[in-house]
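A quick write-up on the structure given underneath.
Note that the numbering runs from 1 along the sequence shown for the chain.
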Amino acid sequence: MALILCIETGTDICSVGIARDGELLSLRESDEGRDHARKVGVFVDELLRETGIAPDDLDAVAVGKGPGSYTGLRIGVSFAKGLCYGLRKPLLSVGSLDALTEVAREDYEAGIVSVGEWERAFLCPMVDARRMEVYAQVFDAEGRPQSGVSAEVIDGGSFASFRSQGRPFVIFGSGARKCAGVLPDAVFVEVTPSARGLARLAQRVFDEGRTEDVAYFEPFYLKDFVVTTSKKKLL
């Protein structure tokens, strides 16, 4: 029975959960701004107290590796690495778009999301980048990747090879709402990033022994971090 702490901080949402054998036991999350550096540790402490699980009882720590917010990813990965180092536990990583797709699939299974012909649908999680750009990937209804991860500037021709097949093209995530009007044939549904999307995937990674090197693991940023210069005059 594997106990895995799951951390997802790649967007405005800070989310932490504990799962046993791929099933979520407890969850803490907040969408109240980018205060992840303070909240992630508080959430972990609350979850351990609530479940009566000692840190040493954990079998692994899983983290959403991105793509997503540069700062958010740094906070989540740094915290996970520090925890693994201190507890001598393995570090697991899960693609944030994979995890977001898993949330959508769970929401459909629970009747929270309703999409006609779901079994034939293409699922496209989108994480907001800037302007009309998103980090995206296409999956089938079983959560199997149908494309690579990419940074896409969305226009009317985006994902044409999938949208032209006559199958539902479902978009969701922090970048999807702004794209709904540009992709009028897409089906937009409300699905938000959550650590619960890591639970089953992290268990699979754990079972397959795919651990990360705690010393050298880095988030998957997809794009280099760009420092912008303020146009405001200081003097």
Side-chain angles (χ1 to χ4, degrees), residues 6 8-15 17 24 27 29-34 36 64-70 72-73 94-201 220-223:
C6 302
E8 178 58 82
T9 59
T11 65
D12 286 344
I13 296 174
C14 179
S15 182
L24 192 70
L27 180 72
E29 51 192 10
S30 170
D31 61 357
E32 299 175 356
R34 295 177 182 269
H36 299 355
K65 67 178 179 180
S69 156
Y70 182 92
L73 290 173
V94 174
S96 293
L97 296 175
D98 300 77
L100 184 53
T101 298
E102 193 69 12
V103 175
R105 296 180 63 237
E106 289 182 2
D107 285 355
Y108 176 77
E109 292 170 3
I112 299 170
V113 165
S114 178
V115 175
E117 295 187 285
W118 174 270
E119 294 77 11
R120 299 180 62 245
F122 287 121
L123 310 181
C124 185
M126 296 178 169
V127 172
D128 193 20
R130 60 177 182 174
R131 299 185 180 89
M132 287 308 295
E133 188 173 25
V134 297
Y135 302 128
Q137 187 175 13
V138 179
F139 297 81
D140 66 13
E142 297 298 319
R144 295 177 295 233
Q146 304 297 299
S147 74
V149 180
S150 61
E152 298 280 342
V153 177
I154 302 300
D155 59 29
S158 298
F159 309 107
S161 62
F162 295 101
R163 293 163 54 207
S164 64
Q165 295 186 36
R167 298 162 61 174
F169 189 78
V170 185
I171 60 174
F172 49 91
S174 61
R177 182 178 293 277
K178 69 181 183 182
C179 300
V182 183
L183 305 174
D185 56 335
V187 180
F188 169 71
V189 293
E190 289 282 1
V191 176
T192 56
S194 174
R196 63 187 172 92
L198 275 68
R200 290 191 288 202
L201 299 180
F220 176 42
Y221 296 119
L222 189 59
K223 294 173 60 179

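Closest non-hydrogen pair, Tyr221 versus Pro67, comes out as O-CB, 4.0 Å. Here the shortest heavy-atom pairing between Ala151 and Glu133 reads CB-OE2, 3.4 Å. Considering all non-hydrogen atoms of both residues, Ile154 and Cys179 come closest at CG1-SG, 3.5 Å. Closest of all the heavy-atom pairs between Lys178 and Ala129 is NZ-N, 4.3 Å. For Gly64 against Glu8, the heavy-atom pair with the smallest separation is CA-OE1, 3.6 Å. What you find for Ala195 and Ser15 is that their closest heavy atoms are N-OG, 2.8 Å.
Atom-to-atom distance recorded for Ser96:OG and Leu198:CG is 7.5 Å, nearest 0.5 angstrom. Taking CZ of Arg144 as the reference point, atom CZ of Phe139 lies at 12.0 Å (rounded to 0.5 Å). Phe172 contributes atom CZ, which lies 9.5 Å from atom CE of Met126 (distance to the nearest 0.5 angstrom). With values rounded to the nearest 0.5 angstrom, Leu24 atom CG is found 7.5 Å from Cys6 atom SG.
Considering only heavy atoms from C-beta on, Val149 comes within 4.5 Å of Leu97 through its side chain. No side-chain heavy atom of Leu183 sits under 4.5 Å from any side-chain heavy atom of Phe188. Here the side chains of Pro193 and Val103 are not in contact, with every heavy-atom distance at 4.5 Å or above. At least one side-chain heavy atom of Val191 sits under 4.5 Å from a side-chain heavy atom of Leu100.
Arg131 pairs by the side-chain hydrogen bond (donor to acceptor under 3.5 Å, both in side chains) definition with nothing, not counting sequence neighbours. Residues satisfying the side-chain hydrogen bond (donor to acceptor under 3.5 Å, both in side chains) test with Ser194, not counting sequence neighbours, are Glu29. Evaluation of the side-chain hydrogen bond (donor to acceptor under 3.5 Å, both in side chains) rule for Ser150 yields Glu152 as partners, not counting sequence neighbours. Partners of Thr11 by side-chain hydrogen bond (donor to acceptor under 3.5 Å, both in side chains), not counting sequence neighbours: none found.
A donor-acceptor contact shorter than 3.5 Å links the side chain of Ser147 to the backbone of Val138. Of the possible polar contacts, none joining the Lys65 side chain to the Leu73 backbone as a donor-acceptor pair under 3.5 Å is found. A side-chain donor-acceptor contact under 3.5 Å links Thr9 to the backbone of Gly72.
Residue pairs meeting the side-chain hydrogen bond (donor to acceptor under 3.5 Å, both in side chains) criterion with at least one partner in residues 97-106, sequence neighbours excluded, are Glu102-Arg105, Glu102-Arg200, Glu106-Arg196.
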Using atom types as modelled, flag every donor-acceptor pair under 3.5 Å from a side chain in residues 110-125 to any protein atom, sequence neighbours excluded.
unit_1, atom_1, unit_2, atom_2, d
Glu117, OE2, Arg120, NH1, 3.1

